[in-house]
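Please read the structure below before turning to the comments.
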Amino acid sequence: MHKGRARAFTNIALIKYWGKKDETLILPMNNSLSLTLDAFYTETEVIFNETFTQDTFYLDGVLQDEKATKKISQFLDLVREIAKKNLYAQVTSENFVPTAAGLASSASGLAALAAASNEALKLQLSETDLSRLARRGSGSACRSIFGGFVEWEQGIDDHSSYATPLSSDHWEDDLAMLFVLVNDQQKDVSSRDGMYRTVTTSSFYPGWLADAPKDLATAKKAIQEKDFIALGEVTEANGLKMHGTTLAAVPPFTYWSPDSLKAMQAVRKLRADGINCYFTMDAGPNVKILVEKKNSKDVKKYLETLFDSSQLVCAYAGPGIEILK
Ligand code: FM0
(Lines give C-alpha, C1' and ligand atoms only; values in the text may rest on other atoms or scores of the structure.)
Protein backbone atom coordinates (compact mmCIF):
# COMPACT_ATOMS: atom_id res chain seq x y z
CA MET A 1 0.00 0.00 0.00
CA HIS A 2 1.27 3.48 -0.94
CA LYS A 3 -0.34 6.40 0.82
CA GLY A 4 0.09 10.18 0.66
CA ARG A 5 -1.82 13.20 1.95
CA ALA A 6 -1.55 16.85 0.92
CA ARG A 7 -3.29 20.21 1.21
CA ALA A 8 -3.49 22.84 -1.52
CA PHE A 9 -5.04 26.29 -1.45
CA THR A 10 -7.12 27.85 -4.15
CA ASN A 11 -5.90 30.75 -6.24
CA ILE A 12 -7.67 33.61 -7.97
CA ALA A 13 -6.26 34.97 -11.20
CA LEU A 14 -5.63 38.71 -11.45
CA ILE A 15 -4.64 38.22 -15.09
CA LYS A 16 -6.82 35.41 -16.36
CA TYR A 17 -6.15 32.14 -18.13
CA TRP A 18 -8.88 32.01 -20.73
CA GLY A 19 -8.41 29.66 -23.68
CA LYS A 20 -6.20 26.74 -24.64
CA LYS A 21 -3.89 26.24 -27.57
CA ASP A 22 -3.62 22.52 -26.75
CA GLU A 23 -6.65 20.80 -25.21
CA THR A 24 -4.87 17.55 -24.31
CA LEU A 25 -1.74 18.98 -22.74
CA ILE A 26 -3.66 21.98 -21.35
CA LEU A 27 -1.38 24.63 -22.80
CA PRO A 28 -2.93 28.09 -22.43
CA MET A 29 -3.17 30.84 -25.02
CA ASN A 30 -1.62 33.40 -22.66
CA ASN A 31 0.38 33.71 -19.44
CA SER A 32 -1.69 34.29 -16.34
CA LEU A 33 -0.98 35.66 -12.87
CA SER A 34 -2.71 34.73 -9.63
CA LEU A 35 -2.78 35.18 -5.90
CA THR A 36 -2.98 32.03 -3.77
CA LEU A 37 -5.43 32.47 -0.89
CA ASP A 38 -5.68 31.06 2.60
CA ALA A 39 -9.44 30.78 3.02
CA PHE A 40 -10.31 27.96 0.63
CA TYR A 41 -8.40 24.72 0.34
CA THR A 42 -8.59 21.02 -0.41
CA GLU A 43 -7.11 18.14 1.56
CA THR A 44 -6.60 14.95 -0.38
CA GLU A 45 -5.46 11.48 0.55
CA VAL A 46 -4.52 8.99 -2.12
CA ILE A 47 -3.88 5.31 -1.55
CA PHE A 48 -2.49 3.10 -4.32
CA ASN A 49 -3.00 -0.57 -3.57
CA GLU A 50 -2.36 -3.87 -5.36
CA THR A 51 -5.74 -5.17 -4.23
CA PHE A 52 -7.86 -2.38 -5.77
CA THR A 53 -9.66 -3.30 -9.00
CA GLN A 54 -10.65 0.26 -9.97
CA ASP A 55 -10.13 3.90 -9.01
CA THR A 56 -12.58 5.29 -6.49
CA PHE A 57 -13.12 8.92 -5.56
CA TYR A 58 -14.77 10.24 -2.41
CA LEU A 59 -15.45 13.98 -2.22
CA ASP A 60 -16.61 15.42 1.10
CA GLY A 61 -17.52 11.92 2.23
CA VAL A 62 -19.60 11.03 -0.83
CA LEU A 63 -18.60 8.36 -3.34
CA GLN A 64 -18.51 10.11 -6.73
CA ASP A 65 -20.20 8.93 -9.92
CA GLU A 66 -18.52 7.68 -13.08
CA LYS A 67 -18.15 11.11 -14.68
CA ALA A 68 -16.42 12.75 -11.70
CA THR A 69 -14.25 9.67 -11.18
CA LYS A 70 -13.19 9.62 -14.84
CA LYS A 71 -11.48 13.02 -14.57
CA ILE A 72 -9.55 11.75 -11.54
CA SER A 73 -8.72 8.45 -13.26
CA GLN A 74 -7.34 10.22 -16.31
CA PHE A 75 -5.13 12.29 -14.06
CA LEU A 76 -4.02 9.17 -12.15
CA ASP A 77 -3.08 7.59 -15.49
CA LEU A 78 -0.45 10.33 -15.86
CA VAL A 79 0.81 9.58 -12.36
CA ARG A 80 0.94 5.84 -13.10
CA GLU A 81 2.88 6.56 -16.25
CA ILE A 82 5.48 8.61 -14.35
CA ALA A 83 5.69 5.99 -11.57
CA LYS A 84 5.70 3.07 -14.02
CA LYS A 85 3.27 1.37 -11.66
CA ASN A 86 -0.08 -0.02 -12.68
CA LEU A 87 -1.97 0.38 -9.43
CA TYR A 88 -5.50 1.59 -8.90
CA ALA A 89 -6.13 4.21 -6.26
CA GLN A 90 -8.63 5.41 -3.71
CA VAL A 91 -8.81 9.20 -3.59
CA THR A 92 -10.46 10.91 -0.62
CA SER A 93 -10.84 14.68 -0.88
CA GLU A 94 -12.29 17.28 1.40
CA ASN A 95 -13.01 20.80 0.24
CA PHE A 96 -12.75 23.45 2.93
CA VAL A 97 -15.02 26.15 1.63
CA PRO A 98 -17.80 28.04 3.36
CA THR A 99 -21.10 26.19 3.05
CA ALA A 100 -23.06 26.75 -0.14
CA ALA A 101 -20.29 28.84 -1.60
CA GLY A 102 -20.42 27.15 -4.97
CA LEU A 103 -16.68 27.47 -4.94
CA ALA A 104 -15.57 23.84 -5.17
CA SER A 105 -12.27 24.46 -6.78
CA SER A 106 -10.54 22.36 -9.39
CA ALA A 107 -7.37 24.41 -8.80
CA SER A 108 -6.87 23.37 -5.17
CA GLY A 109 -8.28 19.90 -5.85
CA LEU A 110 -5.91 18.92 -8.64
CA ALA A 111 -2.90 20.57 -6.98
CA ALA A 112 -3.58 18.57 -3.79
CA LEU A 113 -4.00 15.35 -5.77
CA ALA A 114 -0.72 15.91 -7.62
CA ALA A 115 1.13 16.54 -4.35
CA ALA A 116 -0.51 13.58 -2.56
CA SER A 117 0.32 11.24 -5.47
CA ASN A 118 3.93 12.41 -5.46
CA GLU A 119 4.10 11.59 -1.76
CA ALA A 120 2.32 8.24 -2.02
CA LEU A 121 4.51 6.86 -4.80
CA LYS A 122 7.70 8.61 -3.65
CA LEU A 123 8.12 10.15 -7.09
CA GLN A 124 10.36 12.92 -5.75
CA LEU A 125 8.99 15.42 -8.25
CA SER A 126 10.21 18.99 -7.89
CA GLU A 127 7.67 21.78 -7.40
CA THR A 128 8.11 22.67 -11.07
CA ASP A 129 7.38 19.05 -12.03
CA LEU A 130 4.32 19.12 -9.75
CA SER A 131 3.14 22.32 -11.40
CA ARG A 132 3.40 20.69 -14.85
CA LEU A 133 1.58 17.61 -13.57
CA ALA A 134 -1.21 19.57 -11.84
CA ARG A 135 -1.67 21.58 -15.05
CA ARG A 136 -2.64 18.38 -16.88
CA GLY A 137 -5.53 17.95 -14.43
CA SER A 138 -6.76 21.54 -14.54
CA GLY A 139 -4.84 24.49 -15.94
CA SER A 140 -5.30 26.82 -12.99
CA ALA A 141 -4.11 24.05 -10.62
CA CYS A 142 -0.51 24.55 -11.77
CA ARG A 143 -0.55 27.92 -9.97
CA SER A 144 -1.77 26.45 -6.65
CA ILE A 145 1.51 24.57 -6.12
CA PHE A 146 2.95 27.89 -4.96
CA GLY A 147 1.92 30.56 -2.46
CA GLY A 148 1.55 34.32 -2.92
CA PHE A 149 1.75 35.84 -6.39
CA VAL A 150 2.29 33.21 -9.08
CA GLU A 151 2.79 33.42 -12.83
CA TRP A 152 1.93 30.59 -15.20
CA GLU A 153 4.25 30.71 -18.17
CA GLN A 154 2.21 29.40 -21.09
CA GLY A 155 5.14 27.61 -22.76
CA ILE A 156 5.11 25.83 -26.09
CA ASP A 157 4.98 22.21 -24.94
CA ASP A 158 4.44 20.06 -21.86
CA HIS A 159 7.91 20.77 -20.53
CA SER A 160 7.86 24.56 -20.84
CA SER A 161 4.37 25.25 -19.44
CA TYR A 162 4.41 25.63 -15.64
CA ALA A 163 3.99 28.17 -12.86
CA THR A 164 6.59 29.96 -10.76
CA PRO A 165 6.24 32.16 -7.68
CA LEU A 166 6.87 35.87 -8.24
CA SER A 167 9.19 37.66 -5.87
CA SER A 168 7.23 40.42 -4.20
CA ASP A 169 9.03 41.20 -0.94
CA HIS A 170 5.92 39.74 0.81
CA TRP A 171 3.74 42.60 -0.41
CA GLU A 172 0.87 40.10 -0.74
CA ASP A 173 0.73 40.02 3.07
CA ASP A 174 -0.66 43.57 2.96
CA LEU A 175 -3.52 42.52 0.68
CA ALA A 176 -6.88 40.84 1.07
CA MET A 177 -9.50 39.40 -1.23
CA LEU A 178 -13.11 39.67 -0.23
CA PHE A 179 -15.45 37.10 -1.73
CA VAL A 180 -19.05 38.02 -2.41
CA LEU A 181 -20.79 34.65 -2.70
CA VAL A 182 -23.71 35.10 -5.01
CA ASN A 183 -26.36 32.45 -5.13
CA ASP A 184 -27.61 31.78 -8.58
CA GLN A 185 -30.12 29.19 -9.74
CA GLN A 186 -28.66 29.18 -13.21
CA LYS A 187 -26.24 26.38 -13.98
CA ASP A 188 -22.86 27.74 -14.96
CA VAL A 189 -21.09 26.91 -18.16
CA SER A 190 -17.93 25.20 -16.83
CA SER A 191 -14.71 27.14 -17.30
CA ARG A 192 -13.50 24.37 -19.60
CA ASP A 193 -16.55 24.52 -21.88
CA GLY A 194 -16.78 28.30 -21.64
CA MET A 195 -13.23 28.98 -22.73
CA TYR A 196 -13.47 26.43 -25.54
CA ARG A 197 -16.63 28.02 -26.89
CA THR A 198 -15.05 31.45 -26.65
CA VAL A 199 -11.80 30.51 -28.41
CA THR A 200 -13.60 28.71 -31.20
CA THR A 201 -16.47 31.15 -31.83
CA SER A 202 -16.06 34.59 -30.22
CA SER A 203 -15.11 37.44 -32.54
CA PHE A 204 -13.97 39.33 -29.40
CA TYR A 205 -11.34 36.69 -28.56
CA PRO A 206 -8.54 38.20 -30.70
CA GLY A 207 -8.94 41.43 -28.72
CA TRP A 208 -8.52 39.51 -25.49
CA LEU A 209 -5.35 37.86 -26.78
CA ALA A 210 -3.89 41.12 -28.04
CA ASP A 211 -4.25 42.74 -24.61
CA ALA A 212 -3.29 39.85 -22.31
CA PRO A 213 0.53 40.28 -22.55
CA LYS A 214 0.25 44.02 -21.92
CA ASP A 215 -2.02 43.47 -18.93
CA LEU A 216 0.41 40.89 -17.57
CA ALA A 217 3.36 43.28 -17.91
CA THR A 218 1.37 46.03 -16.17
CA ALA A 219 0.47 43.69 -13.30
CA LYS A 220 4.04 42.47 -12.84
CA LYS A 221 5.35 46.03 -12.79
CA ALA A 222 2.70 47.01 -10.24
CA ILE A 223 3.76 44.11 -7.99
CA GLN A 224 7.42 45.10 -8.26
CA GLU A 225 6.56 48.68 -7.37
CA LYS A 226 3.93 47.72 -4.75
CA ASP A 227 1.53 49.98 -6.60
CA PHE A 228 -1.89 48.86 -5.41
CA ILE A 229 -3.93 51.15 -7.64
CA ALA A 230 -2.07 50.01 -10.77
CA LEU A 231 -2.50 46.35 -9.81
CA GLY A 232 -6.17 46.83 -8.99
CA GLU A 233 -6.96 48.71 -12.17
CA VAL A 234 -5.37 46.13 -14.44
CA THR A 235 -6.98 43.27 -12.48
CA GLU A 236 -10.44 44.74 -12.92
CA ALA A 237 -9.88 45.66 -16.57
CA ASN A 238 -8.47 42.25 -17.47
CA GLY A 239 -11.37 40.44 -15.80
CA LEU A 240 -13.90 42.58 -17.63
CA LYS A 241 -12.21 41.84 -20.95
CA MET A 242 -12.32 38.11 -20.26
CA HIS A 243 -16.02 38.34 -19.50
CA GLY A 244 -16.55 40.49 -22.56
CA THR A 245 -15.40 37.67 -24.83
CA THR A 246 -18.29 35.45 -23.71
CA LEU A 247 -20.86 37.94 -25.03
CA ALA A 248 -19.68 37.39 -28.60
CA ALA A 249 -19.45 33.59 -28.34
CA VAL A 250 -21.86 31.46 -30.36
CA PRO A 251 -24.16 30.88 -28.61
CA PRO A 252 -23.44 33.83 -26.32
CA PHE A 253 -23.33 33.44 -22.56
CA THR A 254 -22.42 35.33 -19.42
CA TYR A 255 -21.40 34.39 -15.89
CA TRP A 256 -22.87 37.58 -14.47
CA SER A 257 -26.03 37.57 -12.40
CA PRO A 258 -27.93 40.60 -11.06
CA ASP A 259 -26.14 40.27 -7.73
CA SER A 260 -22.74 40.21 -9.49
CA LEU A 261 -23.59 43.61 -10.96
CA LYS A 262 -24.75 44.79 -7.55
CA ALA A 263 -21.34 43.87 -6.10
CA MET A 264 -19.48 45.57 -8.97
CA GLN A 265 -21.53 48.72 -8.42
CA ALA A 266 -20.67 48.60 -4.71
CA VAL A 267 -16.97 48.49 -5.57
CA ARG A 268 -17.33 51.53 -7.83
CA LYS A 269 -19.20 53.37 -5.06
CA LEU A 270 -16.50 52.52 -2.52
CA ARG A 271 -13.87 53.87 -4.90
CA ALA A 272 -15.83 57.05 -5.43
CA ASP A 273 -15.83 57.41 -1.64
CA GLY A 274 -12.05 57.11 -1.60
CA ILE A 275 -11.54 53.43 -0.71
CA ASN A 276 -9.35 51.69 -3.27
CA CYS A 277 -10.78 48.30 -4.16
CA TYR A 278 -11.22 46.40 -7.42
CA PHE A 279 -13.28 43.42 -8.53
CA THR A 280 -12.66 40.34 -10.60
CA MET A 281 -14.81 37.35 -11.55
CA ASP A 282 -14.26 33.82 -12.83
CA ALA A 283 -16.47 31.19 -14.41
CA GLY A 284 -19.40 31.86 -12.08
CA PRO A 285 -21.41 34.70 -10.53
CA ASN A 286 -19.24 35.24 -7.41
CA VAL A 287 -17.37 38.52 -7.20
CA LYS A 288 -13.89 38.78 -5.68
CA ILE A 289 -12.70 42.14 -4.43
CA LEU A 290 -9.02 42.98 -4.19
CA VAL A 291 -8.34 45.41 -1.37
CA GLU A 292 -5.52 46.41 0.93
CA LYS A 293 -5.76 44.66 4.28
CA LYS A 294 -6.01 48.00 6.08
CA ASN A 295 -9.24 48.77 4.18
CA SER A 296 -10.80 45.30 4.15
CA LYS A 297 -12.96 45.93 7.24
CA ASP A 298 -14.46 49.09 5.74
CA VAL A 299 -15.22 47.32 2.46
CA LYS A 300 -16.83 44.43 4.29
CA LYS A 301 -18.88 46.79 6.44
CA TYR A 302 -20.32 48.51 3.40
CA LEU A 303 -21.03 45.20 1.63
CA GLU A 304 -22.89 44.03 4.73
CA THR A 305 -25.48 46.71 4.02
CA LEU A 306 -26.14 45.05 0.64
CA PHE A 307 -25.53 41.33 1.21
CA ASP A 308 -26.06 38.83 3.99
CA SER A 309 -22.90 38.52 6.09
CA SER A 310 -22.89 34.75 5.34
CA GLN A 311 -22.22 35.72 1.70
CA LEU A 312 -19.02 37.57 2.56
CA VAL A 313 -15.68 35.86 3.14
CA CYS A 314 -12.40 37.66 3.61
CA ALA A 315 -9.29 35.83 2.41
CA TYR A 316 -5.62 36.68 2.72
CA ALA A 317 -2.59 35.47 0.81
CA GLY A 318 -2.03 31.76 1.28
CA PRO A 319 0.86 29.30 1.03
CA GLY A 320 1.78 26.65 -1.51
CA ILE A 321 1.12 22.92 -1.17
CA GLU A 322 1.62 21.27 2.18
CA ILE A 323 2.34 17.60 2.83
CA LEU A 324 0.17 16.14 5.61
CA LYS A 325 1.18 13.21 7.76
O1 FM0 B 1 -8.19 30.92 -13.07
O2 FM0 B 1 -10.10 23.51 -18.40
O3 FM0 B 1 -8.32 25.78 -14.69
O4 FM0 B 1 -7.04 31.96 -14.63
O5 FM0 B 1 -10.80 30.66 -13.46
O6 FM0 B 1 -9.50 22.78 -16.08
O7 FM0 B 1 -7.83 23.97 -17.52
O8 FM0 B 1 -10.83 25.53 -14.37
F9 FM0 B 1 -12.82 31.27 -15.25
C10 FM0 B 1 -11.67 31.81 -15.39
C11 FM0 B 1 -9.84 28.54 -14.92
C12 FM0 B 1 -10.34 29.74 -15.63
C13 FM0 B 1 -9.34 31.94 -14.89
O14 FM0 B 1 -9.93 27.43 -15.75
O15 FM0 B 1 -9.84 25.20 -16.65
C16 FM0 B 1 -8.12 31.55 -14.14
C17 FM0 B 1 -10.51 30.98 -14.80
P18 FM0 B 1 -9.28 23.82 -17.19
P19 FM0 B 1 -9.70 25.94 -15.25
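What you see below is based on every heavy atom in this structure, not just the backbone, and it leaves out hydrogens, waters and symmetry mates. All ligand and atom numbering here is 1-based and tracks the order in the structure. Bear in mind the structure is a predicted one, so any value in this text is a computation, not a measurement.
Closer than 4.0 angstrom to ligand 1 by heavy atom are A13, K16, Y17, W18, K20, I26, S106, S138, G139, S140, R143, S191, R192, M195, M242, D282, A283, sorted by chain and number.
Taking a cutoff of 4.0 Å between a charged side-chain nitrogen and a carboxylate oxygen, E225 and K221 qualify as a salt bridge.
Between Y58 and the options V91, T69, L63, a side-chain contact (heavy atoms from CB on, under 4.5 Å) holds for only L63. Of the residues F179, Y316, F96, the one that meets the ring pair (Phe, Tyr, Trp, His ring centres under 6.0 Å) test with F40 is F179.
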Problem set entry | Verdict with reasoning, D129 to S126, per side chain to side chain donor-acceptor pair (under 3.5 Å) | CA-CA 5 Å; D129 292 334; S126 66; 3.1 Å; yes

For this session: Show your working on side chain to side chain donor-acceptor pair (under 3.5 Å) between W18 and S32 and close with a plain yes or no.
Result: CA-CA 9 Å; W18 193 241; S32 53; over 6 Å; no

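Legend: residues meeting ring pair (Phe, Tyr, Trp, His ring centres under 6.0 Å) with F52, ordered by chain and number and at least two apart, are absent.
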